[in-house]
Amino acid sequence: MANKTQEVGGIHFPFPFTPYSIQKDFMAELYRVLEAGKIGIFESPTGTGKSLSLICGALSWLRDFEQKKHQEEARLLETGTVPLSDGQEQPLSLSSCTETPDTLRPVGEPDWVTQFVQKKEERDLVDRLKEEQVRRKKREERLQQIRHNAQLKYAAKRMRQEEEEMERVLRLSREALAAGAGAEPQEQPAGEEDLVLAEYESDEEKGAASGVDEDEDDPEEEHVTKIYYCSRTHSQLAQFVHEVQRSPFGKDTRLVSLGSRQNLCINEDVKTLGSAQLINDRCMEMQRSKHEKSRAEEEKPKRRRQERRATCPFYGYEQLQFLRDQVLVGVKDIEQLVALGKEARACPYYGSRSAIPAAQLVVLPYQMLLHAATRQAAGIRLQGQVVLIDEAHNLIDTITGIHSAEVSGSQLCQAHSQLLQYMERYGKRLKAKNLMYIKQILYLLEKFVTVLGGNIKQNPNTQSLSETGTELKTINDFLFESQIDNINLFKVRRYCERSMVSRKLFGFTERYGTVLAPSREQPKLAGFQHFLQSLQPTVTQSESGGWRLGCRWGTGTSVPHAWTPLPGRMALASLQGALPPLWSQSLFLLPCAASVTPVEEGEARVPRPASPLMHIESFLAALTTANQDGRVILSRQGSLSQSSLKFLLLNPAVHFAQVVKECRAVVIAGGTMQPVSDFREQLLTCAGVEAERVVEFSCGHVIPPDNILPLVICSGPSSQQLEFTYQKRELPQMMDETGRILCNLCTVVPGGVVCFFPSYEYQRQVYAHWDKSGLLARLAVRKKIFQEPKRANQVEQVLMEYSRCIKCCGQAGGTVTGALLLSVVGGKMSEGINFSDNLGRCVVMVGMPYPNIKSPELQEKMAYLDQTLPRGPGQPPPGKALVENLCMKAVNQSIGRAIRHQKDFASIVLLDQRYARPPILGKLPAWIRDRVEVKATFGPAFAAMRKFHREKSVPS
């Protein structure tokens, strides 16, 4: 593709081909928003080249911004003056750039002092500009050098690494042989030191927080002006990066792709842990091991019995610097970054983070940008930068989900049991500060269980609660009722983060297993059996047979345990040391025949779930939210294990406010952003953004107007009024009428028909009713019927069969003309799936998918909005508008699945007379709203459908 430069409003936009007019308008408006530092809400339907418009518009602005900045710096260095508003010039002074007109010097200050300060500020500004030019020049020279000598440098580095690796392997082999020859019995199992908490000091005690970053003493590189591009999934980010590679900016843009450790880790020993939390913890542990190892080399060697800790071979300063420069040379997606990291034997996760300061475009999932702690850990700085949030239709739900948390009664009891056993085992080795905080956490867990109506000392699975139901409380009321208002949760949260107590606890349970307190309803041995089963989950039977384990209780009788595969060399003392005193004194072992059933293959490979304390830490962090911004939901079910405590964030703007305040400009973009009132009111207005700073832009579709037929059908073939309310939609006549409408539509629509239902349950009811009434058989005459599966791993298979059926029917002919896919709004098929061309010639929406109005979460959200947001004249209450907006947002996402490119065509059928109401029609996307036809009866609607598809099916 030849690059073509388009000039719009005096601005040059490089573009790979001649853009559509709506793309020109999109780029020009985006440029103006970034230049003016505003907040933009951009809507561009899928198929209109939104990603390419974002790339070319934003990077064109960045190109011009950097060029103006460099020209201004050069002029300032040359003339030593800064421009005034009237076009005159004044001597160069930092105060002229940073001080307001109202800023005055201290009264009575001599003129010579003022002149001295002013000259010093001038010199400082000039020095900073010179330093910035030097840094920029060095960076450009470094990257240019890499482009020419990357292969030579890489080959030499690989040779050096291979030599070092060989030396390291030989050294470890010699040390292992020496250690094996002189090994002595240890009092504690290997790795015991890893499980003990280090001495903890709070900020008040040590004056400042301490980190574990590798390069604390290195000078920090200044962040250049950059654009942060965010989207929802890694696949969408990869697609965006490929668009950048194909764009005119692909060769000159310094782009960095960010991701989680789970996506970027190349250490196979760590990746096999599976869980994202376990991978994160193991990575941090290996970093700390590296720091402790470097410190230990400077100190005198300590006890011989202290074990060696593993360090990551991919986490080295030189390796990361090399990878950082390689990342900045060319545009790479996540997969290419991982491949480059494997070749360079450098960690892609930390290599990409170190490249952020010099990058011009940073691509990352928007969960990483919207969470302040994650943003800080990744080294993301938003001050004065630009943020583009794509696929932002779920932005409010994403922020709410990130900062909400839920813990079950089972998790609370399990965490309490684990932490109590940990404290009993290591209590004498822990410092007073650690013991104090552990006891506070135990107290919190006990009170959380009590407020649910349970007992922390009993088995949660067998505890029946006297009161059931859902109760909703403010944060302060929950703290008072739980009797934990006297505990500083901010300090407890900080302790959990810095001491990494949950990771230590997980390592403890991984090694020794956990024991829940036995309940009165179950034999006391049940918890002991659970412990023994979890003690060695990956052990298989030894050649000499297994061991029979039993326990003597107070009566003196022996209760043998089931056949348990334990290694013959495991000493009884090791087991006794891992057990509580009551059990350790009663334990005995008996040899048994080699007839034990080994652990099933595959079970050993299943990673253990993360420690329940990790989930509880998120709940504790949520409780530090301001009282008015969240609620706590107490859900009491039949048993304690099924009951839960959930924190619900009511004000997502409290977390989005920092983004909009720090950034130069923020753009929220998507294919379907209607209704935009949610973004204005719930995010921007509540975040303190002035209405003048918000700009809305919505462009039409690239398809011709006659390529789409949106219909609102108010009644069916038998004149049954279509209104799928909760009270009416399960009536037999309503389900029959829906089936008759689909039978008629399937006779005139070629290819694929996608029908959306409000819920999985209603789809199941309708399908069963059609099966009994014979309507299903009538439908099958014209279309083969598919249903959306509930399991995500079955979606791809159903889509492949659906696509294959449509293709075969189109080639073979016959009575079956395609396929009918029964889907669910908000399900797997309603978002992210493209039903282009014959896969979706007609999209049918059955009813209006309103959310469950009886949900406590939704009711509280509605009440919160009614109290917080103003109600305009003639407008519904904000809470009611929220319910309507949630419904129409889901509808818009579903019906937008059909039209995917310029030459595509499809019909859209909305089956409910409520769609004809003007407020509802006003919340459809503009490119659909302007072409909607409302049909009061089915006859004219069917005639319009037949005419539309007959004309479009004729080859032009």
Side-chain angles (χ1 to χ4, degrees), residues 22 43-48 393 670-677 696 698-717 721-725 737-738 741-742 744-745 748-749 753-758 823 825 830 835 840-850 876 881 884-900 902 904-952:
I22 59 175
E43 182 182 50
S44 180
T46 304
T48 57
H393 54 275
T672 304
M673 298 297 289
Q674 293 291 338
V676 297
S677 58
E696 292 183 24
S698 179
C699 62
H701 215 297
V702 294
I703 61 171
D706 57 352
N707 274 23
I708 181 175
L709 179 63
L711 295 177
V712 174
I713 302 180
C714 301
S715 62
Q721 290 295 315
L722 301 177
E723 189 170 359
F724 293 86
T725 60
E737 196 76 337
T738 305
I741 292 173
L742 282 176
N744 282 279
L745 295 181
V748 297
V749 178
V753 177
V754 184
C755 181
F756 287 101
F757 290 89
S823 305
V825 176
S830 65
F835 295 105
R841 289 304 182 196
C842 179
V843 176
V844 181
M845 178 64 62
V846 178
M848 299 186 69
Y850 281 104
E884 201 169 80
N885 289 348
L886 290 174
C887 170
M888 293 309 298
K889 196 180 292 289
V891 169
N892 293 339
Q893 283 300 311
S894 299
I895 63 179
R897 300 300 96 203
I899 303 294
R900 312 306 288 180
Q902 185 180 20
D904 204 357
F905 67 90
S907 55
I908 298 172
V909 178
L910 305 175
L911 297 182
D912 201 308
Q913 62 182 5
R914 291 175 291 177
Y915 282 112
R917 300 172 184 173
I920 299 297
L921 286 175
K923 294 180 179 180
L924 290 170
W927 62 279
I928 295 178
R929 180 177 64 240
D930 298 339
R931 304 168 191 177
V932 169
E933 299 179 21
V934 178
K935 303 295 183 181
T937 57
F938 184 73
F942 181 72
M945 287 283 293
R946 181 170 52 190
K947 179 183 178 183
F948 174 81
H949 285 285
R950 182 181 297 169
E951 292 176 352
K952 293 300 175 185

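Atoms considered below: every heavy atom in the structure, side chains included; atoms not considered: hydrogens, waters and symmetry mates. Just so you know, these numbers come straight off a predicted model, no measurement behind them.
The OG atom of Ser907 lies 12.0 Å from the CD1 atom of Ile895; values are rounded to the nearest 0.5 Å. Distance check, rounded to the nearest 0.5 Å: CG of Leu722 to CG of Leu911 gives 6.0 Å. Of the inter-residue distances, the one linking Lys889 atom NZ with Leu886 atom CG reads 7.5 Å to the nearest 0.5 angstrom. Atoms SG and CZ, on Cys714 and Arg914 in that order, are 11.5 Å from each other to the nearest 0.5 Å. Once rounded to the nearest 0.5 Å, the distance linking CD1 of Ile708 with CG of Asp904 reads 10.0 Å. The OG1 atom of Thr672 lies 10.0 Å from the CG atom of Leu924; values are rounded to the nearest 0.5 Å.
Using a 4.5 Å cut-off on side-chain heavy atoms (C-beta onward), Ser894 and Val843 make no contact. Within the 4.5 Å cutoff, the side chain of Cys755 has heavy atoms near those of the Val846 side chain. A heavy-atom distance below 4.5 Å is found between the side chains of Val676 and Gln674. Residues Leu709 and Glu933 have side chains in contact (heavy-atom distance under 4.5 Å, counting atoms from C-beta outward). Using a 4.5 Å heavy-atom threshold, the side chains of Met848 and Thr725 count as separate. When side chains are defined from C-beta on, Val825 does not count as touching Pro758, because their heavy atoms never get closer than 4.5 Å. Contact check for Tyr850 versus Glu884: side-chain heavy atoms found under the 4.5 Å cut-off.
Counting only distance, with no hydrogens or angles, the side chain of Arg946 and the backbone of Val748 share no donor-acceptor pair below 3.5 Å. No donor-acceptor pair under 3.5 Å is formed between the side chain of Tyr915 and the backbone N or O of Ile713. Asn892 contributes a side-chain N or O that, together with a main-chain N or O of Lys923, makes up a donor-acceptor pair within less than 3.5 Å. Put simply, the side chain of Ser715 gets close to the backbone of Ala936: a donor and an acceptor are under 3.5 Å apart. Distance alone, capped at 3.5 Å, is enough to place a donor-acceptor pair between the Asp912 side chain and the Phe724 backbone.
Legend: residues meeting side-chain contact (heavy atoms from CB on, under 4.5 Å) with Pro717, ordered by chain and number and at least two apart, are Glu737, Arg740, Ile741, Asn744, Phe938. Scored by the side-chain contact (heavy atoms from CB on, under 4.5 Å) test, Val749 finds Val753, Arg841, Cys842, Met945, His949 as partners (sequence neighbours excluded).
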key: Verdict with supporting geometry, Leu921 and Val932, side-chain contact (heavy atoms from CB on, under 4.5 Å)   = CA-CA 8 Å; Leu921 286 175; Val932 169; 4.0 Å; yes
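Nearest heavy atoms, Val934 versus Ala916: CG1-CB, 3.8 Å. Between Ile22 and Cys699, the shortest heavy-atom contact is CB-CB, 4.0 Å. Between Pro849 and Val891, the shortest heavy-atom distance links the atoms CD-CG2, 3.5 Å.
Residue pairs satisfying the salt bridge (Lys or Arg N to Asp or Glu O under 4.0 Å) criterion with at least one member in residues 704-717, sequence neighbours excluded, are listed as follows: Asp706-Lys952.
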